[in-house]
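Notes to accompany the following structure.
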Amino acid sequence: MPKYDFSKIERKWQRIWRQKKIYEPNLKKAKKPFYNLMMFPYPSAEGLHVGNMYAFTGADIFGRYMRMKGYNVFEPIGLDGFGIHSENYALQIGVHPMKQAKISKKRFYKQLEMIGNGFAWDKRLETYDPEYYKWTQWIFVQMFKHGLAYRKKQAVNWCPSCKTVLADEQVLQKRQETRDKRQEVLVGACERCETPVVKKELEQWFFKITKYAEKLLKNLDKIDWSEKVKIAQRNWIGESEGALINFEIAGGVAPSYVLLHGFTGSPNANFFPWLKKELEKRGAKVFVPALPNTDNPSIPEQVEFVLKNAEFNENTVLLGHSLGSVVGLKVIEKLDHPIKRFVSAAGFLEPKFKDHSRPFEKSFDWKFDFERIKKNVRTIMILRDSSDDVVPEIQADKIQQAIGGEIIDFKAEDNHICGEVEPVVLKNCIGLIKVFTTRPDTLFGATYMVLGSEHSLVENLKSQITNYKQVADYVKKTKNKSEAERIEEGKEKTGVELKGIKAINPANNEEIPVWVADYVLSDVGAGAIMAVPAHDQRDYEFAKKFNLPLIPVIKPNITTSQVVRVGNAYEGRGVLINSGKFNGMDSEKAKWGIVEFVGGEKKTQYRLRDWLISRQRYWGPPMPVIFCENCKKLAESYKSYKSKRSYRSYNQGELENPGWIAVPGKDLPVKLPYVKDFRPKSKGESPLSSVKEFYETKCPKCGGKARRETDVSDTFLDSAWYYLRYPSIRSARAGTIPWDSTITKKWLPAGMYIGGAEHAVLHLLYVRFLAMALKDMGYLHFEEPFPKFRAHGLLISEGAKMSKSKGNVVNPDEYIKKFGADALRMYLMFLAPFEQGGDFRDAGILGITRFLERVWKLFHSRINTNIGTNNTNNIRAISGQISEHSRIVHRTIKKVTEDIENFRYNTAISALMILLNEMEKHPQLPITNYQLLLKLLAPFAPHLAEEIWQQLISASISQNQRKSAFESIHREPWPKYDLKLIKEETFMLIIQINGKVRDQIEVNKIITQKEAEALVFERERVKMYLNGKKPKKIIFVPSRLVNIVM
RNA sequence: GCCGAGGUGGCGAAAUUGGGAAACGCACUAGCUUUAGGAGCUAGCGGGAGCAAUCCUUUGGGAGUUCAAAUCUCCCCCUCGGCACCA
């Protein structure tokens, strides 16, 4: 018997498979395409990790199974070679990443071939290949052009010792053992040098993933993914349903108001009389001039009239309705000192109306000095009626783009904000604190308010805050707090009261204090909260610490029946819900009833943040944008409407980010230059920022002197679209876009995606987002790239996560050398369910080695000796025994098939072992059954199965019968099982007495209860236990058991 | 604190529409094979009692539902993973 020389066999078949291209489907012509995708590795270390192999093998078994089921399986592989992992590795070993990439590539592909997967080798890709990142940059440009990329200042984690920006994952978050074993808490420190991390503000690029928050969340219900990954995504997106509620600032009413009516209006029309009364009631001086020539107005004339008759000081609020808003803007432009606030109700900048033209359109030049206006007004509120059929919605945006301010969208009482009572208008004329709450039903229990440190009101109310210095000091301290301090302080709440300011609870009109505290985060909700100590643990802690009231004093004009959940605070717990009704509504209804009662607005809020794309690093694709001073001016002037012609050549991204110009497609890729010193720079800039030849360039728009962006993009962008590239590599039709649409339509979305659960929220969310965005741009025909995703478990070693410091990293190479890839593959899959992960221990692999040896031995000792001579006779001679033996074979087919489909590879392998045990015992083993065993084994041990299969073919089929083409076992049809053969005619009837097994008999499957009982009571053992007594009850479970209850 | 997964022999695990707990494998023990070994074959292998037939007991702990619970319900403990002052 020849020796089972796995090294030779494995190398041989790997070579032949590759030569014969049995894993390279014809991507254009395939009839039953199946895209079997697995997450590609980042080649950041010495080589492939056994954890990678675990994942790839598990995915490959599924692919091989699908191939045998008749699908044209496409199973590509590549390297996620860009990014911080690879760069850090290069830094660590002191080799330039460009050089290291070549070394890693060779090593990784060699290892990837050794594991015996059915990879489509012709379609490899590496993310650092300019041919690839050209398209990564192209995608960035598309995002930019479609307004999905923008620049924003944001604080980043900065390690002062390593002089580099750190990703959140690189900041120590948990109590960890430090390298020199001190048991210290290193929260908020750099993972490499353990220096406390500080915050540094940098301008960076973001992708608007938040725009897709709702879709990303909703689609989760439609896709078949590992449930835990879906849950992680749901939590990450973090939907919360709640309401925005405005709290009036007591004394937020300004001393003086000037209200300007619109075209054909008057001080007695619309909401003007009511508004005047409301404001005067609160002690304000209100001036509502009747503007001259209201039916055929001249704007300059009205402006002059207002300037002459109205008084403006720094506490004046100016409101303009419709044309009054235009007049108001002009008035502000002419002032020589600032006013407190400008409220634009249904205002506009251009005379473009939805209905008809108006006489004042032509007599005015529609030019404004926006810079001056901005200087002359401290806060701006832009009210937009969602049902306005006079002024287009876009006008509000235009005002905001020109002078800033806040847009308030609402449905006015009457069209074009012309109701006699318009509460939203009033609210915006007086000072307001807007809060977001998911519990509006606790509104009656709000006893104070808290603003986040960065809340704009802190500065805007400066003049009214009597302890401003104290407040400012606190705010400054909070902003400078490092991550470490913030977490360390943990539960101990801090804060400062804004003295001189009171807010009014709109539910009960009670005056409540306003605080600023860092437990309220400025970028969450509205950046301010109503504090309800009776219901919220955090508010309770804060209230206790600063002696704030825990429950409100209910004013007599609010009846207790209106109160929902005021709550009773009590010591220790702080939360006792006192539920009630509100105006006859209960619970859920009351919650929203209150929102309506106080004029709030229902709102769904998401926790998801926009995707920060910029990396101040070297090893990534340079971002394909160029900054041009000249174009900045042009793009900005677009906002002021000074030159309509020139802005037409700018795309949305260029207009939204003045000065930033996309690199045109023909100039892509923007190649990453070779930079000798690729280490991160100390200023929070990419190493490219010191390469003059790189950043000095010409503006693609105007040809003037310009500067390239020197940051590179996040690695997650590389991996967010790689699956689109694989099938189109070297396709002639991919040229203007990165993929061939015909092929993409055929192969995508992917049939199966397999990868680690550690990517649940980043990679797996980004891929989905990008697909949605590209679909909306018209480049793709689907929005979910992976309708089916399975997360494999984590492979640990000797009970612990593999890590270099623990020294328990397993290198697959030595195991492959020692035991063979087939043995290692099967051992990894046999450990535990694939989706659970497993613990790699040396000892167990021998069991698999024995199994494979026995499969080999069985062939050479029993099968091979029988074929060739009179094979067919042989089968006929033993046909009588086939059916009995076939039963277990068919049961195994069923078991293995179902187990593969459910990724229960461990039990599939166990079933194969049981089958082998049976076959060894069987005196005359039919060849056909052995062939079935081989086919079932093929996905798990592809080399051995192929070797024996080929030997079988050459031994049993005479030369002239043999087909000329190479017939791999991996293209054989997957065995089908015969249900009739599986069905048993008899079964072991279990006899229980009081639930305990006492006996068993083999009986026919179709036995009735009566027949069973008759048999059971004849049994000696049963008689012994009954001892003449009559049973209380007899339970009969068909084809299972009889339970006699005594 | 919140969310998720899990806890079964010496070890990895199997059994989940409630119906024989421990399949399959590792390790171990004994024997066989004139036997160099991480080789092969046979048998045994949760714990306790017994020469044995057999009996009792056992799925993190406690309670419950049921003829019957690893599986369902409630409470508690532990391990791992994720999120974390999200209003």
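Values below: every heavy atom of this structure, side chains too, minus hydrogens, waters and symmetry copies. Per chain, numbering begins at 1; letters A, B, ... match sequence-line order.
Of the P atoms belonging to B:rA39 and B:rC28, the separation is 10 Å, rounded to the nearest Å. Only the C1' atoms considered, B:rC45 is 29 Å distant from B:rC78, to the nearest whole Å.
Summarising the geometry, the separation between CD on A:Glu1002 and P on B:rG20 is reported as 17 Å, rounded to the nearest angstrom. Per the geometry, CD belonging to A:Glu239 stands 20 Å off P belonging to B:rC83, to the nearest Å. To the nearest angstrom, P of B:rG25 lies 21 Å from OH of A:Tyr905. Whole-Å rounding puts the A:Met829 CE to B:rG25 P distance at 19 Å. As rounded to whole Å, 15 Å separates atom C1' of B:rG6 from atom CG of A:Asp839.
Distance from the side chain of A:Thr437 is smallest for B:rA87 among the nucleotides B:rC85, B:rA87, B:rA84.
Among the protein residues, A:Asn994 comes within range of no part of the nucleic acid, since none of its heavy atoms lies under 4.0 Å from any strand. The residue A:Gln605 sits apart from the nucleic acid: no heavy atom pair falls under 4.0 Å. Counting any heavy atom pair closer than 4.0 Å across all strands shown, A:Leu831 reaches sugar-phosphate atoms only and no base atom. A:Val761 comes within contact range of no nucleotide atom at all, as no heavy-atom separation falls under 4.0 Å. Across all strands shown, A:Ile914 has heavy atoms under 4.0 Å from sugar-phosphate atoms exclusively, and none from any base.
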Which atom pairs link the protein and nucleotides 56-59 of chain B when you take only N or O atoms and keep those under 3.5 Å?
{"unit_1": "B:rC56", "atom_1": "OP1", "unit_2": "A:Arg998", "atom_2": "NH2", "d": "3.1"}
{"unit_1": "B:rC56", "atom_1": "OP2", "unit_2": "A:Arg998", "atom_2": "NH1", "d": "3.2"}

Pick out the pairs of N or O atoms, protein on one side and nucleotides 3-5 of chain B on the other, that lie under 3.5 Å.
{"unit_1": "B:rC3", "atom_1": "O2'", "unit_2": "A:Asn235", "atom_2": "ND2", "d": "3.4"}

Atom pairs under 3.5 Å, N or O on each side, protein against nucleotides 40-45 of chain B: can you list them with distances?
{"unit_1": "B:rG40", "atom_1": "OP1", "unit_2": "A:Arg850", "atom_2": "NE", "d": "3.3"}

Look for any protein N or O under 3.5 Å of an N or O in nucleotides 14-16 of chain B and output each such pair with its distance, or none.
{"unit_1": "B:rA14", "atom_1": "OP1", "unit_2": "A:Asn906", "atom_2": "ND2", "d": "2.9"}
{"unit_1": "B:rA15", "atom_1": "OP2", "unit_2": "A:Arg904", "atom_2": "NH2", "d": "3.0"}

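A heavy-atom distance below 4.0 Å to RNA chain B is reached by these residues of residues 1033-1045 of chain A, ordered by number: A:Lys1033, A:Ile1035, A:Val1037, A:Arg1040, A:Leu1041, A:Asn1043, A:Val1045.
Residue A:Tyr54 is tested with A:Tyr815, A:Phe834, A:Phe840 for a ring pair (Phe, Tyr, Trp, His ring centres under 6.0 Å); the sole match is A:Phe834.
Between A:Phe546 and A:Trp515, the ring centre distance stays below 6.0 Å. Side-chain rings of A:Trp611 and A:Phe206 stay apart, their centers remaining 6.0 Å or farther from each other.
The backbone N or O of A:Ile245 lies less than 3.5 Å from no partner atom in the side chain of A:Glu601, so there is not a single donor-acceptor pair. Under the 3.5 Å distance criterion, the side-chain polar atoms of A:Asn505 are matched with a main-chain donor or acceptor of A:Leu443. Between the side chain of A:Asn1043 and the backbone N or O of A:Ile1035, no donor-acceptor pair lies under 3.5 Å.
A donor-acceptor contact closer than 3.5 angstrom links the side chains of A:Asp899 and A:Thr907. Inspection of the A:Asn1004 and A:Thr986 side chains reveals no N or O donor paired with an N or O acceptor under 3.5 Å. A:Tyr519 and A:Asp539 are linked by a side-chain donor-acceptor pair at a separation below 3.5 angstrom, with hydrogens and angles left out of the test. A donor-acceptor pair shorter than 3.5 Å can be found between the side chains of A:Tyr474 and A:Thr494. Donor-acceptor pairing under 3.5 Å is lacking for the side chains of A:Arg607 and A:Asn235.
Salt-bridge check for A:Asp5 with A:Lys3: failed, with every basic side-chain N at 4.0 Å or more from each acidic carboxylate O.
Across all strands shown, B:rC32 pairs with B:rG40; the Watson-Crick or G-U wobble distances both stay below 3.5 Å. Judged by Watson-Crick or G-U wobble contacts below 3.5 Å, the nucleotide B:rU73 has B:rA63 as its partner. With a cut-off of 3.5 Å on both pairing distances, the Watson-Crick or G-U wobble partner of B:rG4 is B:rC80. B:rU16 is unpaired under the criterion used here, namely a Watson-Crick or G-U wobble arrangement in which both key atom distances are under 3.5 Å. Pair check for B:rC45 finds none; no Watson-Crick or G-U wobble contact set falls under 3.5 Å. Look at B:rC11: its Watson-Crick or wobble partner, with both distances under 3.5 angstrom, is B:rG25.
Relative ring orientation between A:Phe542 and A:Tyr448 is described as parallel, the plane-to-plane angle staying below 30° on a 0-90° scale split at 30° and 60°.
Judged by distance alone, with hydrogens and angles left aside, A:Lys1032 brings no side-chain donor or acceptor close enough to the base of B:rC67 to form a pair under 3.5 Å.
Every residue two or more places apart in sequence or in another chain that forms a salt bridge (charged side-chain N to carboxylate O under 4.0 Å, His left out) with A:Asp999 is listed here: A:Arg1019.
B:rG9 has its base syn relative to the sugar, with a glycosidic angle deviating from 0 by at most 90°.
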